[in-house]
Amino acid sequence: MASRRASSSSKGGGGKKGRAPDVLSAEYLERAANKNELLRRLDSLTETLSSLPDDDLDPSSHPGLPSVSAALVSPSILRHRDPAVRLRAVLAACEVFYVYAPEPPWEASEVLEIFGAMIRQLGNLGGTNAGTGEEFGRYLRILEQLSEVKIGAVLVDLIRTERGSSSGTKGGNCDALETLCDLVRTLLNCVSVDHPPEVAAHAEMAIAACVEEFEGSVPPGVLEELLAPVGNGPVVWATNPAFAGGKRRRSPGGSSGKKRGKKDEASDESAPSSLPPPQIQQTNPSYLVAARVLRRCEDKLSSPVAALLNGLLTGDPNVVGATSLSTVDAEAAAFLAPSPPSGRRRRKPEEDESPTLASHLAPAKDRNEGANVYGISYELHRIAPQMLTTVIGTASAELTNAELARRWGAAKLLGRLFGARSSDIAGRFGPCFREWLRRSYDPEPKVRETMVKYLVRFIASQHARTDLCADVNEALATIILRDPQPDVRLLAIHQVCDLAHSAVVPGSTSSSNDDDGDAANTAGANNNGGNRRTHPISVISTDLLLAVGNRVSSKNRTERRDAVTGLAQIYHRHHVRHRLRYVQEGGDDVAVDEILEVWRDANGRDEEKFGWIPGRVFECVSLSDASDPELRGRVFQIADDVLLGTSRKAEPSSGSSAALSPTSR
């Protein structure tokens, strides 16, 4: 244990020793006449204990220490009705822990009671900051003691002792472990975004000290407390204080309490709402602290964390029963939930949507999935990817599980891991990646829909891995051509067309370098969580575009319409505009011969990839109005607005002539 006190000579300890016998006694506290006197005496006791030099920490040299230690845990002090007294009692007890280290002077039940009081005091730290006065400093002092003196190791020793004792009191081990879990949870939750950096640093060190004290495996309960904030993600939704304040300011009658007339209410209804959003995104400090602990203690935690996650993924009853972490993906839970008894239709869950109030209020699609095994495993690839070495294999084995929820969750988890921009998991786990691709033929349509989304995301984020992208292109083309469900085929058409349209235009460094940049980035955001697209059009194979072109002959009207529209938009963006960009620079007086010359000098590969699209578009004109009355009008609109590039603005009342979206819808 590192020394935190100065030597007696440097502290001028002679004067301290002169009054120590009086202060370090139970009688000193018992003589307090009232609460204020008791507060002053507790402060004096804490100061005296903290000023003892390291060479004067022998309890036998201070005969009054046992009595004052017993007085601190007496109900009249530790359970005093005044919170200030309880806070100072905990501060004094922290100093006693250091003096008596490594064996505290209390019974096990008294130690647990002190830690219970300590946990309650630390819980108040989250609602204070450096500007709230002396109370913040006192709470921070408790945290410093846990970090520097490693007081939490006492609980680990208590757990270890009772584990090895056959005569230990039944339930004592459980109480000590439960107290340690409460301590870890409180240390993670007491950190606020408004706190100075040292608060998070002390919380990290305090938790790490407890983890490193375990000689064998870390209990699942402690692991759960560390992994739960990780599963919530680095960014969380929180109540917006400005929303509550704005709502109070707009309350009827205002601060004057006067009745409002109908004219005032009508003016309020007609005025645009100025209320801020009810929830805002903010950094999750608990996630950051837990992530630092996992990195610091990776050698100690790697095996037990992997064993816990593997047990949850496989549904091991011993593991599932030892933790409250969810084993069901949030989207699967919402989809598989029983229908409401009122007969109302269940709302179709959006991708990555968690059935919570925060998720419904959140505008983004990619929300955190909460503390379930799939969300935790995904976040660990950012924090400590080596912990997932065996977990990825376990998830791959779950891809063939007969239970839909587990098969679906595994497919989604692996899709997120393989498609993460910062990971090379797909390349390092080739067999698992190929097994994941086979889920494109899963018998459940929801799984195939999930595969479509994550296959497209993989191409967008891992476009440098051309060998893997070729396999993904093939899987998407197969879905578009052969999937028995029209909804799945239609989703694949939409996703592929959006992906191709949002690709970087040849000759530019970003899709924002042209006047369709915003539209392209919007399409890319819908497919990839809001990240700006940087993938080239070359990563999308000709065969995949031909598969979309094949659906122009589909019996499904929506497939025909969306396929032909999406292909025309891709043709205009990546072929026509690219080839005629020099003609456009010449203005309106360019000779026709020069235009034809540019067209004749076309790149052979581009012509092979895109040159067939106009023919497929105009084939649709041969369809009669009886078979598809809307498609002929759509083809004429495509010719005017897209292929010929007239940029005609449709009138709001023009019906089917409304302006086309950047891709197929």
Side-chain angles (χ1 to χ4, degrees), residues 456-457 459-460 463 469 473 476 480 492-528 531-549 551-552 561-586 595 598-599 601-618 620 634-650 658-665:
V456 168
R457 291 189 184 189
I459 294 177
H463 52 83
C469 287
N473 273 274
L476 283 169
I480 293 174
I493 292 171
H494 292 169
Q495 295 276 317
V496 169
C497 288
D498 285 344
L499 179 73
H501 187 270
S502 62
V504 174
V505 176
S508 69
T509 58
S510 171
S511 58
S512 61
N513 287 4
D514 57 278
D515 55 10
D516 282 344
D518 292 339
N521 288 327
T522 301
N526 291 337
N527 280 338
N528 201 32
N531 293 324
R532 185 179 292 272
R533 287 302 180 91
T534 58
H535 60 279
I537 187 61
S538 59
V539 77
I540 301 169
S541 68
T542 302
D543 289 339
L544 181 55
L545 293 179
L546 287 170
V548 176
R551 304 319 299 171
V552 174
R561 183 196 65 204
D562 291 353
V564 72
T565 308
L567 288 172
Q569 297 276 24
I570 295 167
Y571 177 80
H572 177 258
R573 177 176 173 79
H574 292 290
H575 193 56
V576 173
R577 294 185 57 189
H578 173 57
R579 290 172 63 177
L580 298 181
R581 64 184 185 276
Y582 298 115
V583 176
Q584 291 176 334
E585 292 174 1
I595 298 176
V598 170
W599 205 258
D601 294 339
N603 184 298
R605 286 179 299 179
D606 287 349
E607 188 66 25
E608 179 185 358
K609 191 167 191 173
F610 303 109
W612 54 272
I613 292 178
R616 294 296 287 165
V617 171
F618 288 109
C620 299
R634 172 61 65 92
V635 171
F636 294 142
Q637 186 183 8
I638 289 172
D640 289 341
D641 292 358
V642 181
L643 298 181
L644 300 181
T646 59
S647 300
R648 176 177 55 82
K649 300 297 183 180
L660 298 175
S661 65
T663 50
S664 58
R665 272 84 68 211

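Along the sequence shown, residues are numbered consecutively beginning with 1.
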Counterpart residues, side-chain contact (heavy atoms from CB on, under 4.5 Å), relative to Ser538 (two or more places apart): Pro536
For Cys469 against Ile459, the heavy-atom pair lying closest together: SG-CA, 4.2 Å
Option from Leu546, Leu545, Leu544 for which side-chain contact (heavy atoms from CB on, under 4.5 Å) with Thr542 holds: Leu546
Rounded to the nearest 0.5 Å, how far does CD1 of Ile493 lie from OG1 of Thr565? 11.0 Å
Pairwise distance CG(Leu567) to CD(Gln569) - rounded to 0.5 angstrom: 10.5 Å
Using atom types as modelled and distance alone, determine if a side-chain donor or acceptor of Arg616 lies under 3.5 Å from a backbone N or O of Gly549. yes
Got Asp562 and Cys497 here, is their nearest side-chain heavy-atom distance under 4.5 Å? no
Scanning both residues in full, the closest heavy-atom pair of His574 with Ala500 reads NE2-O, 2.6 Å
At their closest point, which heavy atom of Ile480 faces which heavy atom of Ala547, and how far apart are they? CG2-O, 3.5 Å
Please examine the side chains of Leu476 and Val456, heavy atoms only from C-beta on, and report whether any two atoms are closer than 4.5 Å. yes
Return the minimal non-hydrogen interatomic distance between Tyr571 and Phe610, and the atom names on each side. CD1-O, 3.2 Å
Taking His535 for its side chain and Ile540 for its backbone only, find out whether a donor-acceptor pair lies under 3.5 Å. no
